[in-house]
Amino acid sequence: MYQGSRLNREFFTRDVLEVAPSLPGKLLCVSGSNSNVGRYMITEVEAYRGEEDEACHACRGRTTRNEIMYHTGGFIYMYFIYGMYWMLNIVAAEKGIPQAVLIRGIKGFNGPGKLTKHLNLDGSYYGEDICESGRIWVEDHGIKVDIAKGKRIGINYAGSYWRDIEWRYYVR
DNA sequence: TCAGTGATTAGG
DNA sequence: CTAATCACTGAG
């Protein structure tokens, strides 16, 4: 079976506006408890970019929850929302710059809450290094996809500039 | 449109 | 300690 190349530190330490649009078409790989590996094509992501971004969790500075966003790119930021759902994010940029990509959809399971539930991703993945981890990583299989972009979802509390900026990228 | 559901956060 | 909030989902 063809093994794609694993995305490395160099890939994730770029600015989130470079990392996010290059993720749709890549394969999210998760090692199950039975040691089988599931591979799922990423179909939709959103970029959250620094303390100035009013929709970013780091917009009010560093907290216990968003601490990992300040690490160098490639670490996983998981958080629990609405009492039910885990959200999967991958940290981007250099150390000290809080940026992350929210994985909103994979082929067959669109919706950030649905995909984490299906893949059994929870808080135990918080801080996992997606460049080195044995249970979650991302591969490039050379799949070419047509990327579209639009406004981010569910951030109506943010000011109009941040609410309307088109930082959601998805497979057309 | 709206409720479910509980961690996180700011503020006393 | 309290109360408000929330990068969602599914039902009506």
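Atom set for the values below is all heavy atoms of this structure, side chains included, hydrogens, waters and symmetry mates excluded. Note on naming: letters A, B, ... go to the chains in the order of the sequence lines (proteins, then strands), and numbering restarts at 1 for each one. Just so it is clear, the structure is predicted and the values come from calculations on it, not from any experiment.
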Measure the distance from CG on N110(A) to P on dC8(C) and round it to the nearest whole Å. 13 Å
Would you indicate which nucleotide in dG4(B), dT9(C), dA7(C) comes nearest to any side-chain atom of M84(A)? dG4(B)
Under 4.0 Å, counting only non-hydrogen atoms across every strand here, what does M87(A) touch: a base, just sugar-phosphate, or nothing? sugar-phosphate
Find the distance F80(A):CZ to dG4(B):P and express it as a whole number of Å. 16 Å
Gap between atoms CZ and P, on F109(A) and dT9(C) respectively (whole Å): 13 Å
Rounded to the Å, how far apart are L102(A) CG and dC8(C) P? 7 Å
Checking salt bridge (Lys or Arg N to Asp or Glu O under 4.0 Å) for the pair D129(A)/R9(A): CA distance, chi angles, key distance, verdict? CA-CA 9 Å; D129(A) 185 354; R9(A) 187 78 59 212; 2.5 Å; yes
Between K117(A) and dT9(C), is there a contact of a side-chain N or O with OP1 or OP2 at under 4.0 Å? no
Counting distance alone, no hydrogens or angles: does the base of dA7(C) have a donor or acceptor under 3.5 Å from a partner atom on the side chain of Y79(A)? yes
Hey, is the side chain of R60(A) poking within less than 4.0 Å of OP1 or OP2 on dT8(B), counting only N and O atoms? no
Which whole-number value in Å describes the distance from K114(A) NZ to dA11(C) C1'? 13 Å
Taking the side chain of R65(A) as its heavy atoms from C-beta onward, which of dG4(B), dT9(B), dA7(C) lies nearest to it? dT9(B)
Let's test your reading of the pairing rules: Watson-Crick or G-U wobble, both distances under 3.5 Å, then write DNA chain C as a dot-bracket string with ( ), [ ], | and dots. ||||||.||||.
Between S35(A) and S31(A) (side chain of the first, backbone of the second, donor and acceptor by atom type, cut-off under 3.5 Å), is there such a pair? no
Contact class for G83(A) vs. all strands (heavy atom < 4.0 Å): base, sugar-phosphate, or nothing? base
Residues of residues 148-155 of chain A with a heavy atom under 4.0 Å from any atom of DNA chain C, listed by number, are I153(A), G154(A), I155(A)
Protein-nucleotide distance (M69(A), atom CE; dA7(C), atom P), rounded to Å: 11 Å
Students often mix this up, so state it plainly: with edges at 30° and 60°, are the rings of H57(A) and Y77(A) parallel, tilted or perpendicular? perpendicular
Within the side chain of D164(A), is there an N or O that forms a donor-acceptor pair under 3.5 Å with the backbone of Y161(A)? no
Would Y82(A) count as stacked on dG4(B) if the rule is ring centres under 5.5 Å and plane angle under 30°? no
Is the side chain of T116(A) donor-acceptor paired with the backbone N or O of W86(A) at a distance under 3.5 Å, no angle test? yes
Could you tell me how far apart E44(A) (CD) and dC8(C) (P) are, to the nearest whole angstrom? 10 Å
Please check if atom CZ in R60(A) has more than 12 non-hydrogen atoms from other residues, nucleotides or ligands closer than 6.0 Å. no
Give the nucleotide from the list dG4(B), dG6(B), dA7(C) with an atom nearest to the side chain of Y85(A). dG4(B)
Ion pair check, E139(A) and K26(A), cut-off under 4.0 Å: no
R62(A) atom CZ is separated from dA10(B) atom P, nearest whole Å, by 14 Å
Any salt bridge between E46(A) and R152(A), counting N to O under 4.0 Å? no
Looking only at the side chains, is there a donor atom on one of S133(A) and E128(A) sitting less than 3.5 Å from an acceptor on the other? yes
Any R104(A) side-chain N or O less than 4.0 Å from OP1/OP2 of dA7(C): no
Looking at V16(A), is its backbone amide N or carbonyl O close enough to the side chain of Q99(A) to form a donor-acceptor pair, meaning the two atoms are under 3.5 Å apart? yes
